[in-house]
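Chain identifiers are assigned alphabetically (A, B, ...) following the order of the sequence lines, protein sequences preceding nucleic acid strands; residue numbering begins at 1 within each chain. A quick note: this is a predicted structure, and the numbers were derived from the prediction, not measured.
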Protein chains: 2
Amino acid sequence: MMKDNMIKIFKALSSEQRLNIYMMLYEWQMSSNTEDSSFRSFEEGMEKCFTKACCCMDLSKSTISHHFKELENAGLITCTRNGQSFNCKVNMETVEEIRNFLK
Amino acid sequence: MMKDNMIKIFKALSSEQRLNIYMMLYEWQMSSNTEDSSFRSFEEGMEKCFTKACCCMDLSKSTISHHFKELENAGLITCTRNGQSFNCKVNMETVEEIRNFLK
DNA sequence: ATAATGGTTCGATGGTTGTAGAACAATCAA
DNA sequence: TTGATTGTTCTACAACCATCGAACCATTAT
């Protein structure tokens with residue numbers, strides 16, 4: 001993993017709000033994997049995570065949109081449009097690369 | 001590990017210069033462990049790392065001092081005064097805690 | 001005592017970032 | 001078609017941050 005990427009990643013996780021979003025996504029993803037989600041493949045990712053995030057957090061839509069883009073740009077999550085909203089999934093490979101970077 | 005600590009840590013590592021310093025310290029520490037350092041205990045840490053950092057980086061002393069403090073404040077390194085200069089060591093426990101935070 | 005060395009602290013400054021709101025675009029429902 | 005829902009983009013602003021130089025403090029050497 002290039003150093004510049006690591007900087008982007010650390011920067012993305014260094015904002016309280018972004019870390020909140022990331023942790024929420026992480027936990028939603030974990031729990032949705034054990035719940036009844038047999039109709040939805042893992043690849044599709046969590047549904048309506050933007051909307052859910054907006055409900056949980058006291059921030060404007062534009063700000064939350066901005067934060068999602070930062071997380072995506074850092075490679076921490078991947079978002080795929082699905083009609084009006086989008087689905088989103090945490091990139092476990094990136095998490096693993098951070099762990100490796102830290103020896 | 002508290003979330004607030006993680007934010008501090010990520011913030012500390014999200015600056016290019018600070019990440020440079022941290023990586024230098026890390027590598028100095030690793031190499032000094034395998035070299036002839038039989039007279040110096042591990043606990044004492046790397047000697048004159050501030051001076052060494054000043055030589056390697058094109059930044060003013062005050063800026064480098066500031067960055068060292070940020071790394072120390074985040075718990076990533078520990079500095080102990082030794083006369084005029086100080087010794088410094090990377091906190092491996094903190095690295096391990098980041099790895100654990102990332103599942 | 002005086003000077004030199006190694007870091008720290010302070011104040012200023014320019015750049016970056018987090019945030020909101022308004023206007024917009026795209027999709028869906030009636 | 002019209003209106004509602006979901007999210008994006010733009011502009012603006014305040015807060016924060018990286019950086020420097022100067023003045024400073026503490027330790028060591030002369």
Are the side chains of A/M92 and A/Q29 in contact, using a 4.5 Å heavy-atom criterion? yes

Give a yes or no answer on whether the side chain of A/R18 reaches the backbone of A/A12 with a donor-acceptor pair at less than 3.5 Å. yes

Taking ring pair (Phe, Tyr, Trp, His ring centres under 6.0 Å) as the test, write out the residues that go with B/F68, two or more places apart. B/F50, B/F86

Sequence neighbours excluded and cut-off under 3.5 Å, please list the side-chain donor-acceptor pairs for residues 95-103 of chain A, or say none.
{"from": "A/R99", "atom 1": "NH1", "to": "B/R99", "atom 2": "O", "distance (Å)": "2.5"}
{"from": "A/R99", "atom 1": "NH1", "to": "B/K103", "atom 2": "O", "distance (Å)": "2.6"}
{"from": "A/N100", "atom 1": "ND2", "to": "A/E96", "atom 2": "O", "distance (Å)": "3.4"}

Does the side chain of B/T80 come under 3.5 Å of the side chain of B/N87 through a donor N or O and an acceptor N or O? no

Are A/L13 and B/M6 close enough, and set up right, to give a side-chain contact (heavy atoms from CB on, under 4.5 Å), and what steps lead you there? CA-CA 9 Å; A/L13 295 176; B/M6 290 306 306; over 6 Å; no

Check: A/S14 side chain, B/S14 main-chain N or O, donor-acceptor pair, under 3.5 Å: no

Quick one: does B/S65's side chain have a donor or acceptor within less than 3.5 Å of a partner on B/K61's backbone? no

Heavy-atom contact window of chain A on DNA chain D, given 5' to 3' at under 4.0 Å: D/dT5 to D/dT9

Quick one, which residues of residues 50-70 of chain A touch DNA chain D with a heavy atom under 4.0 Å? A/F50, A/T51, A/K61, A/S62, A/S65, A/K69

Distance-only, no hydrogens or angles: does the A/S85 side chain make a donor-acceptor pair with backbone N or O of A/K48 under 3.5 Å? no

Quick one: does A/K89's side chain get under 4.5 Å of A/N91's, heavy atoms only? yes

Using side-chain contact (heavy atoms from CB on, under 4.5 Å), reason through B/K52 and B/M24 one step at a time and then give a plain yes or no. CA-CA 10 Å; B/K52 288 208 264 177; B/M24 283 185 347; over 6 Å; no

Does A/H67 reach the side chain of A/M57, with side-chain heavy atoms less than 4.5 Å apart? no

Tell me, which of residues 15-27 of chain B have any heavy atom that sits under 4.0 Å from an atom in DNA chain D? B/S15, B/Q17, B/R18

Which nucleotide of DNA chain C is the first, and which the last, in the 5' to 3' direction, to come under 4.0 Å of a heavy atom belonging to chain B? C/dT5 to C/dT9

Judged by nearest nucleotide, the residue sitting upstream toward the 5' end of DNA chain C, B/K48 or A/K11, is B/K48

With side-chain contact (heavy atoms from CB on, under 4.5 Å) as the test, would you mind laying out the steps for B/I7 and B/K11 before giving the verdict? CA-CA 6 Å; B/I7 293 171; B/K11 201 163 287 183; 4.2 Å; yes

Return the 5'-most residue of the pair A/S14, B/S85 with respect to DNA chain C, ranking by each residue's nearest nucleotide. B/S85

